[in-house]
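We use all heavy atoms of the structure for the numbers below, so side chains are in, but hydrogens, waters and symmetry mates are not. Both counts, for ligands and for their atoms, begin at 1 and track the order of listing.
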Amino acid sequence: MDRFDPASIAIRSGHFIGGELIDAGASRIEVTRPSDGVAYASVPIADEAMIDYAVQNAYDAFRNSDWARRAPRDRARVLRKFADLVAADAATLAPLEALGSTRPIRDAFNWDVPFTAEGIRFYAEYADKIGGEVAATDHRHLGMTIAEPYGVIGAIAPWNFPLVMASWKIAPALAAGNAVVLKPSEMTPFSVLRLAELAIEAGVPAGIFNIVQGDGRITGDALVRHPRISKVTFTGSTRTGAAIMAACAETGTKPVTLELGGKSPQIVFADAPRLDEVARRIAGAITGNAGQVCVAGSRLLVQRAIADQLTDRIAQAFSELKAGPTWDAATSLPPIISEPQAQRIDTIVQRSIASGASLRFGGKRADASTPGAFYSPTLLCDVTPETDAVRNEIFGPVLTVQPFDTEEEALALASHAEYGLAAGVHTADIGRALRMVRGIEAGTIWVNRYGRTSDFVIPTGGYKRSGIGKDLGKQAYEANLRFKSVLIDTKS
Ligand code: NAD
């Protein structure tokens with residue numbers, strides 16, 4: 001699917017609690033399409049009472065349905081069916097995803113929906129793989145750990161990949177036998193509702209997967225503070241992550257998984273093979289989803305000898321992108337999520353220029369066929385580690401360029417004062433690549449590539465203020481379990 005008519009998409013709104021869509025709440029949030037700024041629907045805001053209803057429902061389902069106690073293979077079977085239903089629903093889910101988000105329909109159909117389904121399938125396969133361990137005790141005792149679900153997991157997701165980010169939270173939680181209350185971003189609240197309906201169709205008991213709608217200040221805060229929430233998993237900004245961690249500490253020392261912001265470097269040495277390909281990779285890593293990706297490669301560190309050649313090629317790749325709405329087949333540069341966010345990007349760019357950065361490309365709104373918030377891919381040279389655009393996560397298509405001479409200098413520049421989410425190293429020298437892998441303080445390092453594959457087994461997560469814990473991999477599954485220690489006296 002490569003296009004659709006935005007007027008043809010029917011929106012169902014509300015919370016999803018106990019297997020039912022509940023469109024109730026005194027206050028509502030208007031939801032706007034980033035592609036053309038049209039307010040196309042609204043969602044109710046879950047207040048404390050609604051959160052209590054949702055969490056209590058989840059807790060009752062956790063206690064009273066057999067989701068946590070049934071044979072794990074049976075839970076796996078239901079989740080595999082859930083994954084199949086998601087994949088088969090792409091013609092409905094993909095336009096729903098694309099309509100109100102920044103995901104172009106072609107990507108939503110070919111990547112977001114199948115990737116969501118495959119993530120659920122991946123975690124279904126963990127359901128009967130980790131049950132605990134027998135401990136090495138002396139023969140008068142039998143010691144063991146038993147893996148158990150937490151109970152109700154509170155999950156909070158961002159807007160940049162609404163389905164995929166939600167699936168990274170809910171799939172391991174459900175496979176481990178938990179109930180979940182998910183709060184999507186108030187800017188992209190609808191596609192996950194379809195996910196919840198498909199979960200019910202697959203056989204997930206009502207109340208095991210719930211959704212509450214609303215903003216962070218009221219709904220998100222009430223969710224993480226609820227006493228029946230046993231663990232919180234969050235993806236979003238570093239600032240919100242810190243507020244959530246504080247709320248979890250204040251209300252029961254709840255464990256948290258935090259996937260937060262980044263300012264990831266792309267380091268290119270002069271010996272990097274196939275410079276044209278490297279340039280395309282680097283351009284793609286900052287313009288994909290218009291740079292609204294946590295692991296966007298936003299800082300180019302390039303060995304001085306090839307700096308001009310590489311920036312020329314990147315500028316050329318930038319110039320070929322076409323801004324447009326998510327429902328148009330020709331779009332290769334989607335919109336920024338909101339008007340205030342587009343203004344914030346421009347403020348950081350202009351402030352960086354005022355402080356000495358030179359503009360090599362972009363630096364302004366991009367023209368598009370619709371009046372959404374589009375921003376041109378932007379290349380800023382002559383920056384320092386103090387430049388606003390280098391220091392702060394922009395979450396837009398803005399790439400800064402810093403030349404270096406030596407490996408040591410590259411390592412020093414790669415280290416960001418605040419973030420450590422990901423990094424890319426491009427070189428033909430394997431020894432140098434490995435020295436960089438060891439030297440860079442970041443949760444993920446890509447060598448001669450940038451971005452993930454469909455290998456769900458490789459976890460993702462940040463160092464420093466980019467986060468705590470992991471999504472994906474075995475780590476994310478284990479983070480949805482708690483381990484009970486048992487010691488049995490076998491003396492007669
Ligand atoms: P955000 O922090 O503004 O919001 C994320 C979610 O938290 C939303 O659902 C929001 O309603 C909710 N929220 C806000 N305040 C809250 C509070 N006080 N208590 C509870 N919930 C609250 O982030 P965003 O703008 O939606 O997403 C962009 C950010 O997410 C970027 O910083 C990006 O790097 C990060 N991100 C990280 C990853 C990762 O894997 N590390 C992935 C995607 C996005």
Side-chain angles (χ1 to χ4, degrees), residues 29 31 34 43 45-46 48 51 101-103 112 119 154-169 181-189 192 211-226 229 232-251 254 256-264 286 288-298 336-338 340-342 344-345 392-396 416 418-422 442-444 451-452 458-473 475-476:
I29 300 175
V31 188
V43 276
I45 299 177
E48 235 179 290
I51 291 293
S101 76
T102 58
R103 306 295 302 135
D112 298 66
I156 300 188
W159 49 263
N160 60 340
F161 296 87
L163 284 173
V164 170
M165 291 294 110
S167 69
W168 289 8
K169 302 297 186 196
V181 180
L182 167 74
K183 191 198 91 58
S185 167
E186 57 276 33
M187 290 190 268
T188 53
V192 292
I211 293 171
V212 289
Q213 306 285 5
D215 65 358
R217 207 171 40 87
I218 298 171
T219 308
D221 189 61
L223 178 61
V224 300
R225 286 178 186 276
H226 195 286
I229 293 289
V232 170
T233 175
F234 168 76
T235 299
S237 63
T238 294
R239 196 165 150 199
T240 306
I244 287 177
M245 199 170 171
C248 287
E250 281 167 21
T251 57
K254 296 164 190 148
V256 288
T257 297
L258 302 174
E259 298 294 339
L260 310 177
K263 195 72 207 175
S264 303
I286 189 63
N289 207 28
Q292 300 163 113
V293 181
C294 55
V295 293
S298 54
I336 303 302
I337 186 69
S338 67
Q341 173 59 9
R344 178 177 173 272
I345 294 171
N392 293 307
E393 184 184 48
I394 298 177
F395 230 54
H416 191 275
E418 192 171 344
Y419 297 113
L421 192 55
T444 295
R452 6 184 356 94
I458 301 174
T460 177
Y463 279 18
K464 301 186 186 173
R465 298 196 67 200
S466 288
I468 296 174
K470 300 285 184 187
D471 271 348
L472 301 184
Q475 283 89 337

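- Pairing each heavy atom of Ala476 with each of Lys470, the nearest pair is CB-O, 3.6 Å.
- A heavy-atom separation below 4.0 Å is found between Pro184 and ligand 1.
- For Phe161, no heavy-atom contact with ligand 1 is shorter than 4.0 Å.
- Set against the non-hydrogen atoms of Ser237, the atoms of ligand 1 under 4.0 Å away are 1 (P), 2 (O), 23 (O), 29 (C), 30 (O), 32 (O).
- Residues Ile156 and Lys169 share a closest heavy-atom pair of O-CE, 4.2 Å.
- Between Trp159, Phe234, Phe395, it is Phe234 that holds the heavy atom closest to atom 7 (O) of ligand 1.
- The shortest N/O to N/O separation between Thr238 and ligand 1 does not fall below 3.5 Å.
- Judged by distance alone, the side chain of Ser466 and the main-chain N or O of Gly420 form a donor-acceptor pair under 3.5 Å.
- For a threshold of 3.5 Å applied to N or O pairs, the pair formed by Trp168 and ligand 1 contains no separation below that value.
- The contact set between ligand 1 and Ile244, taken as ligand atoms under 4.0 Å from a residue heavy atom, comprises 19 (N), 20 (C), 21 (N).
- Using a 4.0 Å cut-off to heavy atoms of Gly261, the atoms of ligand 1 that qualify are 32 (O), 34 (O).
- Within the 4.0 Å heavy-atom criterion, the part of Ala157 lying near ligand 1 is the backbone and not the side chain.
- Taking 4.0 Å as the cut-off, Leu260 counts as a neighbour of ligand 1 on heavy-atom distance.
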Evaluate Leu163 against Arg103 for side chain to side chain contact (heavy atoms under 4.5 Å, CB included), listing each step before the verdict.
CA-CA 11 Å; Leu163 284 173; Arg103 306 295 302 135; over 6 Å; no
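- Ligand-side atoms of ligand 1 in range of Glu186: 10 (C), 11 (O), range being under 4.0 angstrom from any heavy atom.
- Taking a 4.0 Å cut-off on heavy atoms, Gly462 fails to register as neighbouring ligand 1.
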Assess whether side chain to side chain contact (heavy atoms under 4.5 Å, CB included) is satisfied between Ile394 and Lys263, documenting all intermediate values.
CA-CA 8 Å; Ile394 298 177; Lys263 195 72 207 175; 3.9 Å; yes
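- Ligand-side atoms of ligand 1 in range of Ile156: 6 (C), 7 (O), 9 (O), 12 (C), 20 (C), 21 (N), range being under 4.0 angstrom from any heavy atom.
- Closest to atom 32 (O) of ligand 1, if we only count protein heavy atoms, is Glu393 OE1, 2.6 Å.
- Ligand-side atoms of ligand 1 in range of Cys294: 34 (O), 36 (N), 37 (C), 38 (C), 39 (C), 40 (O), 41 (N), 42 (C), 43 (C), 44 (C), range being under 4.0 angstrom from any heavy atom.
- Within a 4.0 Å radius of atom 4 (O) of ligand 1, the protein contributes no non-hydrogen atoms.
- Close approach to Met165 involves these atoms of ligand 1, each under 4.0 Å from a residue heavy atom: 42 (C), 43 (C).
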Run the side chain to side chain contact (heavy atoms under 4.5 Å, CB included) check on Tyr419 and Thr238 step by step: do they pass?
CA-CA 9 Å; Tyr419 297 113; Thr238 294; 3.3 Å; yes
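- The two atoms that bring Val212 and Ala46 nearest to each other are CB-CB, 4.2 Å, heavy atoms only.
- Of the heavy atoms in Arg239, none comes closer than 4.0 Å to ligand 1.
- Residue Ser185 places a heavy atom less than 4.0 Å from ligand 1.
- When all heavy atoms of Ala247 and Val224 are compared, the closest pair comes out as CB-CG2, 3.8 Å.
- Phe395 approaches Ile345 most closely through the heavy-atom pair O-CD1, 3.8 Å.
- Between the choices Ala296, Ala243, Gly216, Pro189, the shortest heavy-atom distance to atom 17 (C) of ligand 1 belongs to Gly216.
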Quick one: do Thr257 and Glu259 satisfy side chain to side chain contact (heavy atoms under 4.5 Å, CB included)? Show the steps, please.
CA-CA 7 Å; Thr257 297; Glu259 298 294 339; 4.1 Å; yes
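- For the 3.5 Å distance criterion, the side chains of Asp471 and Thr460 fail to qualify, holding no donor opposite an acceptor.
- At a 4.0 Å cut-off, not a single heavy atom of Asp471 sits close enough to ligand 1 to count as contact.
- The proximity of Asn160 to ligand 1, defined as any non-hydrogen pair under 4.0 Å, is limited to the side chain.
- At under 3.5 Å, a nitrogen or oxygen of Thr240, whether backbone or side chain, sits near a nitrogen or oxygen of ligand 1.
- Checked by distance only, ligand 1 and Ser466 stay at 3.5 Å or farther apart across all their nitrogen or oxygen atoms.
- For Val192 against Ala166, the heavy-atom pair with the smallest separation is CG1-CB, 3.7 Å.
- Contact atoms of ligand 1 toward Asp221: 19 (N), 20 (C) (distance under 4.0 Å to a heavy atom of the residue).
- Within the 4.0 Å heavy-atom criterion, neither part of Met187 lies near ligand 1.
- Between the Gln292 side chain and the Ile337 main chain, a donor and an acceptor come within less than 3.5 Å of each other.
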